[in-house]
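To find a chain, count down the sequence lines: A is the first, B the second, and so on, and within it residues start at 1. Please read all numbers here as calculations on a predicted model, not as lab measurements. In what follows, every heavy atom counts, from backbone to side chain, and hydrogens, waters and symmetry copies are set aside.
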Number of protein chains: 2
Amino acid sequence: MLDPKRLQALQAVATTGSVREAATQLGYSSSAISQQIAALEVDSGSVLLEPAGRGVRLTPAGELLARHATRIFEQLAQAESELMALNAGQLGSLRLASFASAGAELVPPALAQLHARLPGLDVTLRSEVPEEALALLRRGLIDVAVIEVHDEVGGDGLVYTPLLTDVYRIVLPRGHRLAKRRTVALADAAGETWIRLGNHIGCCRRNTLAAFDRAGFTPTFVIEADEFWPAQGFVAAGMGLALLPSLALGVIRSDVVTRPLRPDAAPSRDVYAVTRPALSDTTAVKTAVAALVDAAQRDVVA
Amino acid sequence: MLDPKRLQALQAVATTGSVREAATQLGYSSSAISQQIAALEVDSGSVLLEPAGRGVRLTPAGELLARHATRIFEQLAQAESELMALNAGQLGSLRLASFASAGAELVPPALAQLHARLPGLDVTLRSEVPEEALALLRRGLIDVAVIEVHDEVGGDGLVYTPLLTDVYRIVLPRGHRLAKRRTVALADAAGETWIRLGNHIGCCRRNTLAAFDRAGFTPTFVIEADEFWPAQGFVAAGMGLALLPSLALGVIRSDVVTRPLRPDAAPSRDVYAVTRPALSDTTAVKTAVAALVDAAQRDVVA
DNA sequence: GTAACTTACGCTTATCGTAACCATA
DNA sequence: TATGGTTACGATAAGCGTAAGTTAC
C-alpha cells in the first residue's frame with residue numbers, strides 16, 4: 001500500500017511545481033521531500049519525477065498519483081470537518097429513552113430546548129421502563145436514558161446525572177374530607193380504600209407499599225390501575241384514594257384534587273439522566289442532559 | 001491532519017469488530033492497534049472506541065471516521081490499480097513526433113503494431129523536424145521522437161535507440177545511361193545536372209553536398225525542390241538527377257528509376273528513436289520503440 | 001557562479017512488540 | 001479462569017536536517 005505521507009509530498013510538488021516550494025509548504029527541508037518521493041518511486045515501481053531544466057517535472061505516473069492524492073486529501077479534510085461538526089453537535093443523532101411519565105412531562109420541553117440549540121441533531125425518543133432503558137444504553141442502542149430509581153445509583157460504569165426528586169401526592173375525589181387540608185398525613189387515611197398501581201409501572205407499586213408500611217397500616221386495595229390516567233378515573237368514581245407521583249399529575253381531572261403528603265412520610269422516586277462515559281463529553285449529550293436538568297428545574301419550581 | 005495509518009487501524013477495528021482481529025488482519029500486535037487508536041483519539045479530540053462487554057464498540061465519532069477511512073483507502077487502492085495499468089501501458093497516452101519521411105514509411109506500421117499490443121494506449125503523432133522534435137521532447141510535450149542524425153548522438157541526457165541507417169540512392173530518368181548499371185559510382189555522374197534539396201528538409205542538403213565533395217566534383221544545380229515528391233518530378237522531366245534517401249522513395253514514379261550508390265561513397269542518415277530517461281523504462285515507451293525497431297528491420301529487409 | 005535537486009550520514013523520534021495489568025463473561 | 005483490551009517500557013527503524021555533491025542556466 002502506498003504511503004499517504006509520501007503521496008502528500010508528491011502532491012505538494014505537483015501543485016507548487018518544485019521540490020523546494022513543496023518543502024516550504026509542508027514545513028520540511030528539500031531533502032525530506034526528495035527522500036519521500038524517492039521512497040514513493042520504489043514503492044510504486046515508477047519514475048515519478050524527472051529533471052526539467054534546473055527544476056523537476058512530474059512524469060505521467062507522477063501526475064496520476066498526484067491527481068489521486070488530491071482526492072484522498074480532500075476526503076481526509078472532509079472527514080475532519082464532519083468530525084468537527086459531530087463534536088459540536090451540529091451533526092449526527094441522539095437516541096433517548098425515558099420512562100412513561102417523564103416522557104410526557106419532563107422530556108418534551110427538554111427536547112424542544114435541545115432542538116433549538118442544536119437544530120442539526122437528529123433526536124429520537126422512545127418510551128422504555130428503566131431496566132430496559134439501561135440495557136439498551138449498555139448495548140449502545142440508545143445514548144441517553146431517563147430513568148427513575150429508588151436505591152443508590154452508580155458504580156456500574158455509567159454516568160448518572162440527577163434531574164429531580166419526584167414526590168408522590170395523594171389523589172382524592174373533589175369534596176373528600178381530607179381535601180380540606182393543605183397537606184395530608186398518610187395515617188389519617190388509614191380507613192380508606194385504595195387504588196393499586198400495576199406492577200409494570202416502574203417501581204411505583206413497591207414505593208407506595210413502603211410508604212403505607214411506614215405510616216403503620218396495611219391498605220385495602222379495591223382495584224388495580226395499569227396506568228396513571230385510569231387511576232385518576234377510579235378516584236373520581238369514588239372507588240378509593242391513590243398515591244401518584246407528581247410527574248404523572250401534569251394533567252389533573254377536574255373532579256379530583258391532589259395534596260402533598262407530610263414530608264417525612266412522602267414516598268418519592270429519583271429521576272436521573274444516564275449515559276455512557278464515552279458519550280458523556282460530547283456536546284450532543286452534554287446539551288441534552290443540560291436541557292433535561294433545566295426542564296426538571298422548571299418542573300420543580302412550577 | 002489525521003494520520004491515515006491510524007485511520008487504517010480504526011477501520012480495521014470497525015470491520016473486524018475487535019482490536020485483536022484488526023491486529024491480526026494488519027499484521028500487528030493488539031498493543032499497536034490500541035496505541036494507534038489512542039493516538040487518533042488525541043488527534044481527533046473524540047472518543048472513538050468504548051468498552052462493550054469483553055470487547056470494544058465504535059462511538060458515533062469512531063463510526064464516522066471509519067466510514068471516511070473506508071473511502072480513503074478505496075481511493076488509494078484505485079490509485080494503485082490505475083498505476084499498475086499505466087505501468088503496463090494499458091492506460092495513458094503516448095505522444096510521438098517524427099520527421100516527414102519516417103512519418104510516411106516507418107512510423108505507420110510501427111504504430112499499427114503498437115496499437116495491436118497496447119490497445120488502451122492513446123497514441124498521437126505529429127510531424128516535426130529533428131531539432132524541434134528534440135526540443136518538444138525535452139520540454140515534456142512529447143514522449144518519443146523519431147529523428148534523423150548524421151553526427152554522433154548521445155551525451156545530452158536523452159536515450160537514443162538506433163532504428164536504421166537510411167542510405168541515399170541516385171534517382172534517374174527511365175532510360176538514362178546510368179540506369180543500366182546495378183550500382184552507380186557518383187563520380188560517373190560528374191557531368192550531369194542536379195536537383196538541389198531545400199534547406200529545410202532535415203539535413204539532406206548538407207549530406208548530399210558532402211557526398212559530391214567526396215566524389216571529387218562540384219555539382220551543377222539547375223533547380224531546388226522543397227519536397228521529395230517534386231524532386232522525382234524534376235528528374236522525370238529530365239532536368240537533372242537527384243540523390244534521395246531510401247525512406248523518401250516508398251513511392252517511385254513509373255518514369256524514374258533509382259539505383260544504389262557505390263557503398264563507400266553512398267551518403268546516409270541515421271534514424272533514431274529518442275526518449276527521456278524517466279520514460280525509457282515504461283512499458284508504453286519500450287513497446288513503442290520496439291515496434292519502431294521492428295518496422296525499421298522489415299523496412300531494411302524489403 | 002548560482003540555484004535547485006539529490007545523496008550521504010548522524011541523530012531524533014515515532015512506533016512496534018513483550019510483558020504486566022485490568023476487566024469481563 | 002480464560003479472553004480481550006490497555007498500559008509500561010525497552011528496542012528498532014523510519015525519517016528528518018545538515019552538509020556535501022551534481023547538474024543546468
Distance test, side-chain N/O of B:Arg54 to OP1/OP2 of C:dA25, below 4.0 Å: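 B:Arg54 to C:dA25 OP1/OP2: no side-chain N or O under 4.0 Å.
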
At under 4.0 Å between heavy atoms, what does [X] touch on the DNA or RNA strands: base, sugar-phosphate, or nothing?
X: A:Arg6; result: sugar-phosphate
X: B:Gly27; result: sugar-phosphate
X: B:Asp156; result: nothing
X: B:Gln36; result: sugar-phosphate

Check: A:Ser31 side chain, D:dT18 base, donor-acceptor under 3.5 Å: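 By the distance-only test, yes, there is a pair.
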
Among D:dG5, D:dC16, C:dT6, the one nearest A:Gln35 by side-chain distance: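 So the nucleotide nearest the side chain must be D:dC16.
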
Candidates C:dC16, C:dT6, D:dC16 - which lies nearest the side chain of A:Val19: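 My answer, after comparing the listed nucleotides, is C:dT6.
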
Between D:dC25 (P) and B:Arg138 (CZ): distance, integer Å: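 Nearest whole value for this atom pair: 9 Å.
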
Integer-rounded Å distance: D:dT22 P and A:Glu50 CD: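 My rounded result for the distance is 22 Å.
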
Pair A:Glu21, A:Gln25: side-chain N/O donor-acceptor within cut-off below 3.5 Å: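 On atom types as modelled, these side chains do not qualify, holding no pair under 3.5 Å.
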
Any side-chain donor near an acceptor of the partner, B:Ser44 and B:Arg6, under 3.5 Å: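 Note: B:Ser44 and B:Arg6 side chains miss the donor-acceptor criterion.
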
